[in-house]
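Step one of this worksheet: look at the structure below.
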Amino acid sequence: MGLIVQKFGGSSVADAESIKRVAARIAATKRSGQQVVVVVSAMGDTTDELIDLANQVSPMPNGRELDMLLTAGERISMALLAMAISNLGLEARSFTGSQAGIITTSTHGRARVIDVTPSRIQEALAEGAIAIVAGFQGVAQDTKDITTLGRGGSDTTAVALAAALDADVCEIYTDVDGVFSADPRIVPAARKLKSVTYEEMLELAASGAKVLHLRCVEYARRFNLPIHVRSSFSNLEGTWVVKDQPEGGSMEQAIISGIAHDKSEAKITIVGVPDRAGVAARIFQAIADNDINIDMIVQNVSAAATGLTDISFTLPRAEGSRATGIVQKLQGEIGFQSIQYDDQIGKLSLIGAGMRSHPGVTATFFAAMADAGVNIEMISTSEIRISIVCRESDVERAVKAAHTAFDLDADQVEAVVYGGSGR
Ligand code: ADP
Ligand code: ASP
Ligand code: MG
């Protein structure tokens, strides 16, 4: 008997009707003779609403308590889903992340899964039940406190369980038909990808394509577990995330597989930094010591007359004020002139393994940006990715222009967005 893990995102379980629809789908899989483990997200925009609520009672909610609050969202949907399934005549048992054996680090808000001990899930399956697991949560190995895995983390719960249970596949059900060449909410002409490699999907997820959580792709690659991203609103075949493109696919391999965008970053510029050894190390060490991840960095050539340079870097907007404060404290020691903070930036990334063997991608990309009147502020590249920073207000135009410039536009519209608020 096969074992399948199915994960349903928030928009797929937004209300009672949707929960019943999803329950019917799960019941059909179970009745086809498979063992089924389901991972479920909080209903609709519940997580955002709980965060808003927390911010109303405290400007800086305590991490432990915030995790306690947010995990309640998934507990609601898991119990409702189990009830809806049992109403269809099948046995379903819901489990919190902790009960399902999701063991994590103790960093609240972005804990990492370090072990999965799913004995209670295995018991439930052995007794013929469907196991429903609350996504995006676990329990810290050392503190025993409840943790969350970061926004979008239910995908990671699903893949971690699928790997631990040696499932055949992990199905990620969402509100679009698969992984597209760009966000279907922005580019209606986006194309659905039949398959995408872990390598490309990692770059897409890291560059802001939130259709899959970054850690879930890392996890799937480590265990070579296939992920099938598909819609819970249609029966269409979705996108397979796999190790290699299927045989024969490589001939037609597009140069660019996808375009991702990200409006969640900010840019800090440190103006008039003395250009001497050790200064950049001092600044970035202070930021790292505070557990803040930075993304792109640009340092200019110092002006000959002054020996001063500017250093710019991008980071999550949510960390903006904390990072500015940390850098500000170094002003006396380093002697830079000022700090500029800019949270009106957007990032756009082109991703494709085909880039390796095709020169001229950057030239085509930049020409498209110029034609669209988009000013490029920062650039960074990897072997299979080119990213730029521009004005946030230019991002959507830039994505559409790049999509067209690389001949990615579909002849007929296939990018349907079935639900969700895109929040
Ligand atoms: P869920 O609630 O099911 O986890 P998410 O909102 O996290 O859903 O992810 C699905 C959304 O990801 C889509 O509605 C779409 O707007 C967005 N998205 C961004 N980039 C892409 C892409 N390249 N392909 C498909 N969806 C994308
Ligand atoms: N409910 C959580 C969120 O909104 C986790 C998830 O949906 O994956 O981020
Ligand atoms: Mg998601």
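Keep in mind that the numbers below use all heavy atoms, side chains included, and drop hydrogens, waters and symmetry copies. Counting starts at 1 for both ligands and their atoms, in listed order.
In this structure, the protein non-hydrogen atom closest to atom 6 (C) of ligand 2 is Ser154 OG, 3.3 Å. Protein heavy atom in closest approach to atom 2 (O) of ligand 1: Gly10 N, 3.3 Å. The nearest protein atom to atom 5 (C) of ligand 2, hydrogens excluded, is given as Phe136 CG, 3.4 Å; this is a heavy-atom distance. Among protein heavy atoms, atom 7 (O) of ligand 2 sits closest to Ser41 OG, 3.1 Å. Scanning the protein heavy atoms around atom 6 (O) of ligand 1, the nearest turns out to be Lys210 NZ, 3.3 Å.
Within 6.0 Å of CZ in Arg185 there are more than 12 heavy atoms belonging to other residues, nucleotides or ligands.
Atom CD1 of Ile270 and atom OG1 of Thr324 lie 9.5 Å apart (nearest 0.5 Å). From Gln285, atom CD reaches atom CD1 of Ile326 across 12.0 Å, with rounding to the nearest 0.5 Å.
Heavy-atom proximity to atom 21 (C) of ligand 1, evaluated over Asp183, Val399, Val196, Val417, is greatest for Asp183. For atom 10 (C) of ligand 1, the nearest non-hydrogen atom from the set Thr174, Ile172, Val229, Thr47 belongs to Thr174.
Polar contact with ligand 2: present for Gly152 (N/O pair, distance under 3.5 Å). For Asp155, no nitrogen or oxygen atom sits less than 3.5 Å from a nitrogen or oxygen atom of ligand 2, counting backbone and side chain alike. In terms of polar-atom proximity, defined here as any N/O pair under 3.5 Å, Asp175 does make such a contact with ligand 1. Close N/O approach between Phe180 and ligand 1 is found [any backbone or side-chain N/O within under 3.5 Å]. Residue-to-ligand polar distances keep Lys7 apart from ligand 2: every N/O pair is separated by 3.5 Å or more.
The two atoms that bring Ile172 and Ala158 nearest to each other are CD1-CB, 4.4 Å, heavy atoms only. A pairwise comparison of heavy atoms in Thr314 and Met378 identifies CG2-SD, 3.6 Å as the closest pair. Closest approach of Met369 to Ala398, counting heavy atoms only: CE-O, 3.4 Å. Nearest heavy-atom pair, Val374 versus Arg397, reported as atom, atom and distance to 0.1 Å: CG2-NH1, 4.1 Å.
A 4.5 Å side-chain heavy-atom check between Leu225 and Tyr219 finds every atom pair outside the cut-off. Contact check for Met296 versus Lys347: side-chain heavy atoms found under the 4.5 Å cut-off. Proximity of Ile384 to Glu200: side-chain heavy atoms (C-beta onward) are separated by under 4.5 Å at one or more points. The shortest side-chain heavy-atom distance between Leu193 and Phe180 does not fall under the 4.5 Å cut-off. At least one side-chain heavy atom of Arg151 sits under 4.5 Å from a side-chain heavy atom of Thr47.
Close approach of ligand 2 to Arg151 is summarised as follows: ligand atoms under 4.0 Å from at least one heavy atom of the residue are 3 (C), 4 (O), 9 (O). Those atoms of ligand 2 that come under 4.0 Å of a heavy atom in Glu74, given as number and element, are 1 (N), 2 (C), 5 (C). Within ligand 1, the atoms closer than 4.0 Å to a non-hydrogen atom of Ala209 are 20 (N), numbered from 1 in the order shown. In summary, the atoms of ligand 1 found under 4.0 Å from a heavy atom of Val179, numbered by their order in the structure, are 24 (N).
Using a 4.0 Å cutoff on heavy atoms, Gly10 does not count as a contact of ligand 2. Ligand 1 lies within reach of Lys7, whose nearest heavy atom is under 4.0 Å from it. Residue contacts with ligand 1 leave out Ser41, since none of its heavy atoms falls under 4.0 Å from the ligand. By the 4.0 Å heavy-atom criterion, Gly178 is counted among the residues contacting ligand 1. Heavy atoms of Ala182 come nearer than 4.0 angstrom to ligand 1 in at least one pair.
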Which atom pairs, donor and acceptor, lie under 3.5 Å between side-chain atoms of residues 34-44 and protein residues at least two apart or in another chain?
{"residue": "Ser41", "atom": "OG", "partner": "Ser154", "partner atom": "OG", "Å": "3.1"}

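With a 4.0 Å cut-off on non-hydrogen atoms, His213 does not touch ligand 2 at all. If you look at Arg185 next to ligand 1, the close heavy atoms, those under 4.0 Å, all belong to the side chain. The proximity of Lys192 to ligand 1, defined as any non-hydrogen pair under 4.0 Å, does not occur for either the backbone or the side chain. The side chain of Pro184, and not its backbone, has at least one atom closer than 4.0 Å to an atom of ligand 1 (non-hydrogen atoms only; side chain from C-beta on).
By the 6.0 Å and 45° rule, Arg222 does not stack over the aromatic ring of Tyr198.
Of the listed residues (Leu81, Ile130, Leu80, Ile132), just one forms a side-chain contact (heavy atoms from CB on, under 4.5 Å) with Ser94, and that residue is Ile132.
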